[in-house]
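Heavy atoms only: backbone and side chains are in, while hydrogens, waters and symmetry mates are out. As the structure lists them, so they are numbered: ligands from 1, and atoms in each ligand from 1.
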Amino acid sequence: MPEQQEAEPTEDRQQTVDPAVIDREGLAALIGRERGTYAATHPRSREAFLASGRNLLGGVPMTWMRMWPGGFPLYLATAHGARLTDIDGNSFTDFCLGDTGAMAGHSPAAVRAAVTRRFADLGGATTMLPTQDAAWVAADLARRFGPSRWSFTLTATDANRWAIRIARQLTRRPKILVFSYCYHGSVDETFVVATPAGARSREGNVGAPVDPRETTRVAEFNDIAALERGLAHGDVAAVLMEPALTNIGIVLPLPGYLQLVRELTSLHGALLIHDETHTFSAGPGGCTRAWDLEPDIVTIGKSIAGGIPAGAYGLSAPLAERILADSQADIVDTGGVGGTLAGNALSMAAARATLENVLTDSAFGRMIGLADRYTAGVRDVLTSRRLPWTITQLGARAEYRFCPDPPRTGGESAAAGDAELDEYLHLYLVNRGVLLTPFHNMALMCPDTSEAEVDAHTAVFADAADDLLA
Ligand SMILES: Cc1ncc(COP(=O)(O)O)c(C=O)c1O
């Protein structure tokens with residue numbers, strides 16, 4: 001079996017001095033102070049939020065937007081490259097980047113030009129007619145990720161949904177297998193966690209059509225025996241996975257693990273789907289190319305069209321031929337695969353511009369170098385303050401987690417969550433001009449991020465740590 005290549009660069013582990021080092025009362029007081037600053041410096045955002053409740057569900061355009069710490073979200077004014085301003089005139093270095101949707105930076109020039117040309121000059125955003133950009137994008141995704149036959153969606157969620165349907169159709173098997181605490185979008189089958197008593201629906205699962213145990217098997221990431229047990233039932237159509245978990249902190253694969261996943265899925269007749277929506281940060285072809293992996297299907301979304309909605313799934317040529325030849329599979333009408341605006345001319349123009357000119361091989365080199373710098377800066381702060389936390393990097397993204405050892409499974413990483421520390425750090429940074437992803441304090445580099453901005457984060461993070469330990 002080939003050696004599993006390490007994520008580049010890898011996790012960092014800190015030696016703790018005292019796990020009980022955090023004074024919770026002091027932390028609550030600090031959070032109160034930071035909330036006060038946040039409210040005082042964002043009166044217009046607060047007012048806009050309070051005025052929005054009447055007709056917006058939860059007072060926001062999409063309910064996740066309530067999750068920004070501080071009691072109300074910032075309201076966007078402008079965003080260019082790695083910089084963002086709010087309607088109160090505050091300016092930020094944006095390491096959130098739309099939770100990866102803006103990994104190409106905000107409104108990159110090449111995408112702006114392509115979108116203007118398509119929408120304003122040529123005209124026609126959505127026509128149910130193909131444009132030549134789509135074939136270019138498909139060829140580039142094939143070059144980057146391996147699978148040679150691509151189709152488009154508007155979101156990563158839909159890419160996963162349709163990939164799952166195709167996998168079921170091809171294998172004539174009912175179930176999929178996912179990893180505990182994964183996130184693949186609002187895909188019914190994926191809201192399952194592993195517990196010592198077996199699989200259960202994830203807490204808060206809204207209106208599940210059936211108990212997800214009927215559709216899904218679940219294993220902990222990096223636990224090869226659990227995967228083998230799940231596959232041995234012989235009813236799994238596909239394993240849907242991120243090559244590294246990114247939605248419960250970052251959990252990297254242990255050496256050799258992903259090769260074993262590939263071997264076991266082949267052995268048990270299950271297809272292997274890599275969701276590269278976030279792990280695209282590992283390089284121009286995501287983890288799949290960076291680590292020389294061979295999934296049957298790749299799904300992706302969020303960033304590939306520079307902020308314009310687009311997702312995609314790619315099949316290997318033999319799978320593509322089989323699904324096209326399957327007389328029982330209606331993939332051109334109402335068979336459950338496809339969407340009216342998917343693959344539209346505007347998305348395809350934006351995707352081509354993004355892949356051709358923005359998220360290029362050389363841009364990734366620079367972005368990953370910046371994430372190296374970010375990770376090293378945070379590591380220095382953790383070491384010098386002897387804080388019992390880790391930072392894990394995956395290419396252009398990095399995330400700190402409040403445990404001394406890097407988590408090896410979703411369950412371990414979930415247990416290391418600390419909502420108070422998340423809120424404190426997030427607000428502390430926002431109040432000093434640094435924006436991280438709200439759900440999990442993830443930082444992502446885009447082609448426009450600068451070394452000075454990375455160093456500014458390090459300095460503010462160091463101050464936050466010092467205040468916490470004072
Ligand atoms: C790995 C992964 N796949 C899919 C999705 C779904 O993306 P979207 O909400 O844009 O459909 C997400 C969203 O966070 C994700 O993290």
**OP:** Determine the sole option in Leu227, Ile176, Val192, Thr195 for which the side-chain contact (heavy atoms from CB on, under 4.5 Å) test with Val218 is passed.
**Re:** Val192

Original post:
Would you say Asp158 contacts ligand 1, with heavy atoms under 4.0 Å as the rule?
Top reply: no

**OP:** Before signing off on this row, confirm whether Asp275 and ligand 1 have an N or O atom pair separated by under 3.5 Å.
**Re:** yes

Original post:
Hey, is ligand 1 close enough to Thr246 that some N/O pair sits below 3.5 Å?
Top reply: no

Subject >> Ligand-side contact atoms (ligand 1) for residue partner Thr155, heavy atom cut-off under 4.0 Å >> reply: 11 (O)

Original post:
Under 3.5 Å, is there a donor-acceptor pair between the side chain of Ser180 and the main chain of Glu220?
Top reply: no

Original post:
Just distances here: any N/O of Asn247 and N/O of ligand 1 closer than 3.5 Å?
Top reply: yes

**OP:** Tell me yes or no: between the side chains of Arg118 and Thr131, is some donor less than 3.5 Å from an acceptor?
**Re:** no

Original post:
For ligand 1, which atoms sit closer than 4.0 Å to a heavy atom of His278?
Top reply: 14 (O), 16 (O)

Original post:
Where is the nearest protein heavy atom to atom 7 (O) of ligand 1: which residue, which atom, and how far?
Top reply: Ala156 CB, 3.4 Å

Original post:
What is the closest protein heavy atom to atom 5 (C) of ligand 1, and at what distance does it sit?
Top reply: Gly185 N, 3.5 Å

Original post:
What class does the angle between the rings of Tyr424 and Tyr428 fall in, given that below 30° is parallel, 30 to 60° is tilted and above 60° is perpendicular?
Top reply: perpendicular

**OP:** With atom 12 (C) of ligand 1 as the reference point, say which of Lys302, Glu242, Met62 has the nearest heavy atom.
**Re:** Lys302

Original post:
Does a donor on one side chain and an acceptor on the other come within less than 3.5 Å for Thr93 and Arg83?
Top reply: yes

Original post:
For atom 11 (O) of ligand 1, which protein heavy atom lies nearest, and how many Å away is it?
Top reply: Thr157 OG1, 2.6 Å

Original post:
When the ring planes of Tyr183 and Trp64 are compared, do they come out parallel, tilted or perpendicular, using 30° and 60° as the limits?
Top reply: perpendicular

Original post:
Aromatic rings Tyr257 and Phe179: how do their planes relate, parallel, tilted or perpendicular, breaks at 30° and 60°?
Top reply: perpendicular

